[in-house]
Amino acid sequence: MTGAFQQLPEELKLATSAHVKYIQSLDTRQDEYDYWLTEHLRLNGVYWGLTALHLLGVPEGLPRSETIDFVLSCQHEDGGFGAAPGHDAHMLSTVSAVQILAMVDAFDELETRGKGKAQVGKYIANLQNRQTGTFAGDEWGEEDTRFLYGAFNALSLLGLMDLIDVDKAVDYVAACANFDGGYGVSPGAESHSGQIFTCVASLTIAKRQDLIDKERLGKWLSERQLANGGLNGRPEKKEDVCYSWWVLSSLEMIGKTHWIDRDKLINFILQCQDTEKGGISDRPGDMVDVWHTLFGITGLSLLGYPGLELVDEVYCLPKSTITRIFGP
Amino acid sequence: MESLADTLWDVVICGTGLQQSLLALALSRSDKKVLHIDPNDFYGGAEAAFSLQEVESWVEKVEAGKEGLFEAASVEKLEGDTGLSFPRAYSLALAPQLIHARSTLLSQLVSSRAYRQVEFLAVGSFSIFKPSPDSSQKPTLVRIPSTREDVFSTTAISAKAKRGLMKFLKFVLDYDSTPQTATWQPHADAPLTEFLLKEFKMDQELQTYIITLTLSLDGKINTRDGLAVIRRHLSSMGMYGPGFAALYPKWGGLSEIAQVSCRAGAVGGAVYMLGTGVKTMNNKEDPIVIELTSGDTIKTRKVVRANESATDHSGINRLVAVVGSSLKSLFESTVEGAPTPAVAIVAFPAGSLSTAAGEASKSPVYLSVHSSDTGECPVNQSVLYFTTGSEHASKDLLQQALDSFLAAVAGDTVPQCLYKLQYKQLQSSAQSQASGSIFDFAPPATALAFDDSTLQSVHDAWKMVLGDEAVEEEYLTFADREGAMDDDEVYD
Amino acid sequence: MADQGGSQHGIARTSRTRTPAQKQADLERIQQYRALEAHLRTAVSSSNYSRETFDLTTKLLRLNPEYYTAWNVRRRTLTFGLFSRRSDGCSCSRGCSSSSRSGTTTMSFGASSCSCSTRTPPGRGCRRTGRSGTTADAPVAQEEEKDEEEEEEEAAQKKDLETVKSELAFTFPLLLESPKCYWIWSYRLWILDQSILLLPVADAKKIWQEELGLTSKMLSKDRRNFHAWGYRRHVVGQLESDELGGESLVESEFGYTDRMIRADLSNFSAWHSRSTLIPRLLDERGAGEKEREDFLKTELNLIREALDVGPEDQSLWYYHQFLVDNIVSPVGRPTIVPTLTVDERVVYLTNEITNIKDLLEDYEDVKLIYEALLEYTLGLCQLEERKPEEDERQDLIDWVKKLKELDPMRMGRWVDLKRDYGLTELLPGGRG
């Protein structure tokens, strides 16, 4: 495969340095209105950007101590994290916080300067609905398999899975399965690639892949690839770079990545780059953002694009981080 | 204000038909001095919409030979108290045209912000009239399936025919790309029906469905033009919402757009004079000197007018009928989430009607049925617009179509025709053209659907008027004039 | 991790250079926005949940509906005072003293309060009764209350109804503008839940019913919006629940999927919804064996007619697969025809295979047809517990070949399939 890449035209190679610069520039855009409109995503944004930098081989691309300071500044008394100081605690930002700290190997700082791992675990565990097993995003009660996955992801990284009723949560995930092999946001909801990722990854963390109808799911996932190489999230929808992650990681978890045309997907992702100013967009020619930039890069990493660090298909973190935490 | 005579006008636009009015709209943000006159005392020219009173005076003028494009006009009213409302409760369009969702006219109305003053209604189903097989049965109207979902839901055609139709519909959507062009180009100038038979093995009935979608007045449209028109129809489907491909402006169709455009012209500073025409014009001089019928003599750099001298006497025959029924069954929305349509199209294919002499019709008759939602008649009534290419005894044919239609939609009783207006509209082969400082628009087309090529001449006229000052990017692209919503204002 | 908005979708890439005037305009907007934000934070830090704070959230959320903390503050201002919450915590004045604490937890917001149960309305006894009478579960014994208190109660409910309505009206345009914003949907649901807590059943029910109309409206604008579909499922569930004294809506929802499908055959969301409604539909109809078979036949007919006009459409094949699942593997799932014998199932499946083969006459290059043929033929063998017959084997080999040709992107899958079922021409398979 490497040989083939050398023959790619310049615009179809990964513009690594442009992407690094793009990500590093994100926090300097304080004179742009959008910077302020997206503050409710700041912590998630740091996770997206930092993961991308790690995969691009520039793990020190954001200053470590400032990153940790910022993460800890988002923590509330109850252990949960908000998206930025002054924002309420939420599962999604809490998971991002844990992932960032895992990546920069700073769980000890959470103990010494933050509210401690146990408190974070408690915050997350408290969001489990003990009747149904699923999780809410915050005290206001929106439930979604995204939050369940987030809880599994963060708690397993922290080694605190025993705080929750894993079996019940697994039952809940199993109940989200549809006849087409996919999973939805709650029982009865339509299969959706994003939700499939959260459910398959949750079952993988819980070591319950036996519950997955891999043949049928693989079939459904492989049908997401469209003629231009891109992947869509549901039948009869348009392609989007972010599904390079949701679909591909799910295929990887069930061992069926070879069921799609990897070269065509690589090509599609590369076409979505802004090679000049950096960043990756949902489709060729659209506006870039850090979210699509990450999922374009994680997609390429899963596809074995040369020069990229390996990404873990379950945690969406560098493999090296996962190996450091769980052992090889 | 300066007097008419003291002003050196940049342009005098004569006539307020659609093209002249769109030109006025296009010039409304320029700083040109525009004098917009019309010898008629109404807006819209050949595209006007009339109250019943206005119809009567218009008919008189036609009969006196003062309306160049029209002849053989007559009005018939049912005697006695028929339920006909007061004259101003009606707004009958002389040349109602539907506008496909993909038409450039719509995008220009949007970019020029003029659309804010127009209320658009959905054009619903296209149906075909089927004569009764024997005298014991009513004639029927059969909907033409024109989307995959229509084809799926229709019970009128067989499974095999459905697949054939789907293949054709798919083909048309993509007909001008490479593998497809090879299929139709050899047939480009042959009648579309021939192509449908040869390449898609379509039977007569399916052919009729397809030909009807072209709204071709003589039914003889060639393959090249036919495919283009059908593609326009299919690709327009669903663009502004489920279940419809075309729109119709409330209160009289294109006449409404002409008026809105003139209003924009007036807001932009143009001076309007109705009932005023050109008496004499001396274009040897620069500026051009014009003596108006009002007696004023004015000077202008440019003149834009319409060529209304019909060059031959071919034309189309129209019958406008007001009927005392809401004809509800024609205006049901059949698709979830679709708006209630206000216009329905019915085609009477060639051969489906017969004249009093017992001859089968040689060309199709089209009917555009307008509900009272169009504002063209009071509630519980409808307006029927019949059109046919001119042929011998076509007046008779239109009457046949009217009777047959009413029989087809009859419930317990046959809806009553309360009012009838008939006339012939002449066609002309004249083209729009500029010569020196004068621009002549071709007479309006008689087609049933708005043809975007009309817009090209408006654009040409605009360029002639502005000359070097014309900036392409700014053509009909304007910001909202005032009251444009500022976020802070709204939110405070 | 997951998409919470803020990502760019479908917006054309434009030059990022701004003119000095644009920069200045941006700075001014930023200043206004941040001032608003600072104002709100000050209010929150002093626990000022007044009307003024509520108004601040209105302004902020109109500028940025993704600002989840502002939605939370708004909820707090409502529960702190704008809703007619009584001082004793639970505002239910009658018949629920024992369960009143459960009423308050859903409204509390202390740092320690978790509440996964916030979406679950509190115990039944806690709901207030309507003006016209009592709900079935409200203890009638305590009906003799003072008139004055009743009047107060009515006035409070009227005010709450207005608040609920105005909150719904507030979020509606935001939802139209940002139909994929999770926070708006979830806030709206929270408001709807409040209506159950605070209003007489009849009023609450009416509000929830109107909400069904809203989802129809949202879905006619974007037929696949999965927020709207999920929301619709939730709204229907609530309308059907005891809380709202509801009756089953399964028939009307089934009819809704029908209409949505007829508007757009490619709407897999509608087909999916249809598939989930069927087991309940048949149960509630009390369908016997014959009715169930008739139902299956009707559905098979429907999808066959759809496939006639859209064989390249995945949505249709997924639904077909769902029906075939019901024929082939009855065990363990709610099924349409649980009592069919194997022989009867074989007849159904053989018939489907024949019909699909017939599609090839008009659509020989549609790969989904070959996929279906492969899968169903293997399903047939599985049903009859046998290996493919020689002619079937040849068909299977031909179909895989065709798939490789028509769909090389999924080559890996076809290779696996060939390997897993031993579909190689060189090795004679022999009869099973």
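Here is how names work: the chains are called A, B, and so on, in the same order as the sequence lines, proteins then strands, and each is numbered from 1. What you see below is based on every heavy atom in this structure, not just the backbone, and it leaves out hydrogens, waters and symmetry mates. This structure is a prediction, so every number in the text was calculated from the model and none was measured.
Within 6.0 Å of the CD atom in C:E251, the count of heavy atoms belonging to other residues, nucleotides or ligands exceeds 12. The environment of B:Q204 atom CD is sparse: at most 12 non-hydrogen atoms of other residues, nucleotides or ligands sit within 6.0 angstrom.
B:M166 CE to C:E312 CD: the interatomic distance, rounded to the nearest 0.5 Å, is 7.0 Å. Distance check: C:D362 CG to B:K160 NZ gives 3.5 Å after rounding to the nearest 0.5 Å. To the nearest 0.5 Å, atom CZ of residue C:R262 and atom CG of residue B:D150 are 11.0 Å apart. Note that CG of C:D264 and CZ of B:F152 are 11.5 Å apart. Values are rounded to the nearest 0.5 Å.
Each of C:P311, C:S266, C:S216 has some count of heavy-atom pairs under 4.5 Å with chain B, and the biggest count is that of C:S266. Here B:K167 is the residue among B:K167, B:K162, B:K170 with the most heavy-atom pairs under 4.5 Å with chain C.
At distances below 3.5 Å, at least one donor-acceptor pair connects side-chain atoms of B:E149 with backbone N or O atoms of C:L265.
Ion pairing between C:D308 and B:R163 holds under the 4.0 Å rule for side-chain N and carboxylate O.
Both the backbone and the side chain of C:D358 have a heavy atom closer than 4.5 Å to some heavy atom of chain B. Heavy atoms closer than 4.5 Å to chain B are found nowhere in C:D258, neither backbone nor side chain. Neither the backbone nor the side chain of C:L219 comes within less than 4.5 Å of any heavy atom in chain B.
Considering only heavy atoms from C-beta on, C:D313 comes within 4.5 Å of B:R148 through its side chain. Using a 4.5 Å heavy-atom cutoff, the side chains of B:P242 and C:R223 are in contact.
When all heavy atoms of C:S220 and B:G337 are compared, the pair lying nearest together is CB-CA, 3.7 Å.
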